[in-house]
Amino acid sequence: MSENFNTYIPHIEPDYWRRLCTQLGCLRHYERGEAFAREGEPARYIGYVAAGALKYVTGSDDGEEHVIGLEYDGGFVADFPFSLYGLDARASIVATAPSEIYCVEARRIGEMMQSDSQLKDIVMKSTEAIFATLYDRYKSLYNCSPARRYEMLLSTHSDIFARFPLKDIASYLDISPTHLSRLRHL
């Protein structure tokens, strides 16, 4: 896989966030299926993923789960920036494999922002970078065919199927698992 699944990573001062999480946080283990955050409840942590993989999911009115984001080792996991302000999580974040995550309390970072102008600036820049990535993903749902979205994903993450189940990748691409299987065999 390429170094950064999420294109915002180079723009959020990753060394700063990694240091913050590893120095102020504690290492927590999450089993496959265990929630890092639950949609509709305040998310407690911002984390650096030392090992493992997670998916961001939301439920539809019909009760179906939809994958809206993916993360793995070397990345960051949070319901960002909402967790900094004690707001309810916009999505659930669930481990898809056993995961080791350095977790720092989001509330603590929110409090630190009040007196640390560098952190406040980094949070602002991180929020803007995440927004740009999510906006580009949203646009691609309308601008690109499912086949094109699959090609773009595979061109930068050729071994994604070794990291995430087919059904989660299909949901992330907003296609059925059957459609994804057909695309894989073309």
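The side chain to side chain donor-acceptor pair (under 3.5 Å) test applied to Tyr30 returns no partner, not counting sequence neighbours. Take Tyr85 and apply the ring pair (Phe, Tyr, Trp, His ring centres under 6.0 Å) test, not counting sequence neighbours, and it matches no residue.
Glu151 has a carboxylate O that lies under 4.0 Å from a charged side-chain N of Arg148, or vice versa, which qualifies the two as a salt bridge.
Rounded to the nearest 0.5 angstrom, Arg149 CZ and Ile175 CD1 are separated by 7.0 Å. The distance from atom CG of Leu153 to atom CG of Leu180, rounded to the nearest 0.5 Å, is 9.0 Å. Here the CZ atom belonging to Arg44 is positioned 13.5 Å from the CZ atom belonging to Arg108, to the nearest 0.5 angstrom.
Looking only at atom types and distance, the side chain of Thr58 has a donor-acceptor partner in the side chain of Glu39 under 3.5 Å away. Between His66 and Glu64, the side chains place no donor N or O within less than 3.5 Å of an acceptor N or O (distance only, hydrogens not considered).
Of the options Arg19, Glu105, Met112, a side chain to side chain contact (heavy atoms under 4.5 Å, CB included) to Leu24 is made by Met112 and by none of the others.
Under the 4.5 Å side-chain criterion, counting only non-hydrogen atoms from C-beta, Ile109 is not in contact with Tyr45. No side-chain heavy atom of Ile169 sits less than 4.5 Å from a side-chain heavy atom of Tyr150. Annotation: side chain of Ile122 is not in contact with side chain of Leu20 (no heavy-atom distance under 4.5 Å).
Between the side chain of Ser171 and the backbone N or O of Asp168, no donor-acceptor pair lies under 3.5 Å.
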